[in-house]
Structure formats: C-alpha cells, structure tokens
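Okay, structure first, notes after.
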There are 2 protein chains.
Amino acid sequence: MKKVDIFKKLRSSGLRPTKQRVEIAKFLFDRDTTFHFTIESLENHLTKKTTCKFALATIYNTVHAFKKAGHLSEVDVRGKKTYFDTNITNHHHFYDNETSELIDIDASEIVIQKIPKAPNGKKIKNVEVFINLKN
Amino acid sequence: MKKVDIFKKLRSSGLRPTKQRVEIAKFLFDRDTTFHFTIESLENHLTKKTTCKFALATIYNTVHAFKKAGHLSEVDVRGKKTYFDTNITNHHHFYDNETSELIDIDASEIVIQKIPKAPNGKKIKNVEVFINLKN
DNA sequence: TTTTTACTTTAGAATTATTATAAACTAGAA
DNA sequence: TTCTAGTTTATAATAATTCTAAAGTAAAAA
Ligand SMILES: [Mn+2]
Ligand SMILES: [Mn+2]
Ligand SMILES: [Zn+2]
Ligand SMILES: [Zn+2]
C-alpha cells in the first residue's frame, strides 16, 4: 500500500495526517493480509516498533475514527477487551479459546441452507457465524 | 417449577439456600420460558419485586455459580455488559441492535450446509450463529 | 512567510463493569 | 444450643474505556 493510500484512509476518516496517525494507519493497512487486534496489542506494537509517543487516547480515537469510516470492523469475542478487524468484508470466525486467537473464515466457506425469517417488521442485517475451537 | 427444584438448582451449584439465593433462583428458573438478562437487569428486578436486600457481589457470585454448574449460559453481545441466558441448549440468536434485545433461535431452525474443517490439531467445539436485525 | 485557526495530542481524571476483601452474619452439623 | 464453614455485605481494587482541558501542530489565511 502506497503512502497515498494511507493518506486516503486518513482523509476519508476525517483525520489529519499527524505522525501518530500515519504510524497507526501504516501498521493497520500497509500489509498483504488482514488481521485482528486489540487496542492493547496495537499499543504494544507501536511503542516497540516506532519512535514516536502514543497516548492511549490517541490510539482509541484513531481506531474509532477508522471504524466509523468503515475501514475497520469489530468482532464480538467473549471477554473484556474489544477486538478489531482489518478485514471489513462479510466473513466469519474460528475462535481458539486456548490461545484467544481469531481466524478468518471467508463468507464463501460457510453455506447456510435454512434460516428463520426475521421477526415482525425487522429485516436481517447480517449473519455472523462464530465457531469455537477445542483441542 | 417446584420449590424442590429450586433447591436442587442451588444444591447442584454448591450453594446453600439462603433467602437471597432462593429469590434469584426463583426469578431465573421458576417460569415457563427461558430468557436473557444482565446483572443489572437482574438486580433491578430483585430490588423492585422482592423484599430482601441484595449486595451486587451476591448477585454476581450466584449467577457465576449457576453458570459454572451449567444452569446458565453466556451470550456474546457487542457492548460492555455480559448477557446471560437461562436457555442452556445449543441455540442461536437474533439480535436487535435498536432495542438491545436477544431473541432465541432453536438449533433446528438453522441448517448449515457447508462448513470449513477446523485448523490443524483443533476440533470444532460448537457453532454459534448470530443474526443482526435492522428495521 | 508569518499569522491565525481549528484540530490534535497528551497526562491524568472519570466512568463503568466486574472482581476482591474482610468483617459481620447465618445455615446446618454436632 | 453451640460450633463451624459458608454467606452477605459495604467498600476497595481492577481493568477497559472515555472524558477533559491544557499544550502542541497542521494547514488555511493573510
Ligand atoms: Mn465482546
Ligand atoms: Mn460481549
Ligand atoms: Zn476477521
Ligand atoms: Zn438464548
């Protein structure tokens, strides 16, 4: 991903390209495959692998701005911390409870044959399949 | 559900039948249909509809004991609060984001035709389908 | 370029859900 | 009854997240 694209992610999220935000965007989007992260894991990476300083609030604010702009999604995982996902396509997850690891499942890999109709006056927005793993 | 059964729930959870615990168990299990709740909604009910006093810690402890004994399950819902479920069968959920309401879907109402195999050395423990609703 | 303005970062405080603590209380065994 | 282990409770501690307001900076205006 080029610098231009990083700036595009920032601009389309209503964010000025400050050095903190550029570092965050580079880490999140300048890569070949998508991944899952928490604010904590993101902060760990940033403090270890970059030179600039990051206030926690800056990380929270930037991640939320990306999410609001549709550049990140959130995954529901049991537990206290929020998991984010750079894969914003419709997809599903394996969850390994031992390692707390999320693994993507492409939407095409799961086919649902039968599904109930939505209740009175409601529509189905999306269907999320979550597969818990054991050893 | 008879008093005997309430006592059985408590005993099988390793809990003595104190007045607080009996009230909690009666509210959770002495009814015809299962339901979903949070610690907060449970506390609201208990303080309004019963005469005895409940420390928050007692509610947390009792609910967790029921969960550990398998009398309650936990549902993953986006948000900060933990949702519990008196339906302990394998089942799925509709989630109405407008009202924050969970609606049960019986396991038989969803049929999955195709599912990926679990990664290396792992097995599938269970499959949870979560259907988000919109208006 | 300088000035100005609006936006941004930051440290620390506040908030919220949850869990831990330890003293006063109680169910049930002896 | 007495005794003991288990229980309730108020309160403190913890952990993730959000808020605040002062100091700093990007980019528009002059
Ligand atoms: Mn969650
Ligand atoms: Mn949750
Ligand atoms: Zn994913
Ligand atoms: Zn349910």
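In what follows, chains carry the letters A, B, and so on, assigned in the order in which the sequence lines appear, proteins first and then strands, with residues in each chain numbered from 1.
- Residue A:R21 places none of its side-chain N or O atoms closer than 4.0 Å to OP1 or OP2 of D:dA26.
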What string of B, S and - do you get for nucleotides 22-30 of chain C, 5' to 3', if B is base contact, S is sugar-phosphate-only contact and - is no contact with any protein heavy atom under 4.0 Å?
-----BS--
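- For A:H36 and A:D104, the side-chain atoms include at least one donor-acceptor pair closer than 3.5 Å.
- Rounding to whole angstrom units, CG of residue A:L15 and P of D:dA27 are separated by 12 Å.
- Between B:Q20 and D:dT9, a side-chain N or O to OP1/OP2 separation shorter than 4.0 Å is present.
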Between the protein and nucleotides 12-20 of chain D, list every N/O to N/O distance that falls short of 3.5 Å.
{"from": "D:dT17", "atom 1": "OP1", "to": "A:T82", "atom 2": "N", "distance (Å)": "2.9"}
{"from": "D:dT17", "atom 1": "OP1", "to": "A:T82", "atom 2": "OG1", "distance (Å)": "2.6"}
{"from": "D:dT17", "atom 1": "OP2", "to": "A:Y60", "atom 2": "OH", "distance (Å)": "2.7"}
{"from": "D:dT17", "atom 1": "O5'", "to": "A:Y60", "atom 2": "OH", "distance (Å)": "3.2"}

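- Ring orientation note: the planes of B:F66 and B:H71 are nearly perpendicular, at an angle over 60° on the 30°/60° scale.
- Other residues, nucleotides and ligands contribute more than 12 heavy atoms inside 6.0 Å of the CG atom of A:N44.
- Taking the ring centroids of B:Y95 and B:F130, they lie under the 6.0 Å cut-off.
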Check the pair B:D5 / B:F29 against side-chain contact (heavy atoms from CB on, under 4.5 Å), numbers first and verdict last.
CA-CA 9 Å; B:D5 295 319; B:F29 305 120; over 6 Å; no
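- A:I59 has its CD1 atom 14 Å from the C1' atom of C:dT8, to the nearest Å.
- Atoms CD (A:E23) and P (C:dT9) sit 12 Å apart, rounded to a whole Å.
- In this structure, CG of A:L10 is placed 14 Å from C1' of C:dC7, rounded to the nearest angstrom.
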Side chains of residues 107-120 of chain B: which donor-acceptor pairs under 3.5 Å do they make with residues two or more places apart or in other chains?
{"from": "B:S108", "atom 1": "OG", "to": "B:D106", "atom 2": "OD2", "distance (Å)": "2.8"}
{"from": "B:E109", "atom 1": "OE2", "to": "B:D106", "atom 2": "N", "distance (Å)": "3.2"}
{"from": "B:K114", "atom 1": "NZ", "to": "A:S108", "atom 2": "O", "distance (Å)": "3.2"}

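- Atom NZ of B:K67 is separated from atom C1' of C:dT19 by 14 Å (rounded to the nearest Å).
- Side-chain contact annotation: A:N135 with B:K123, donor-acceptor N/O pair under 3.5 Å absent.
- In this structure, B:H93 and B:H91 have perpendicular ring planes: the angle between them is above 60°, well past the 30° mark.
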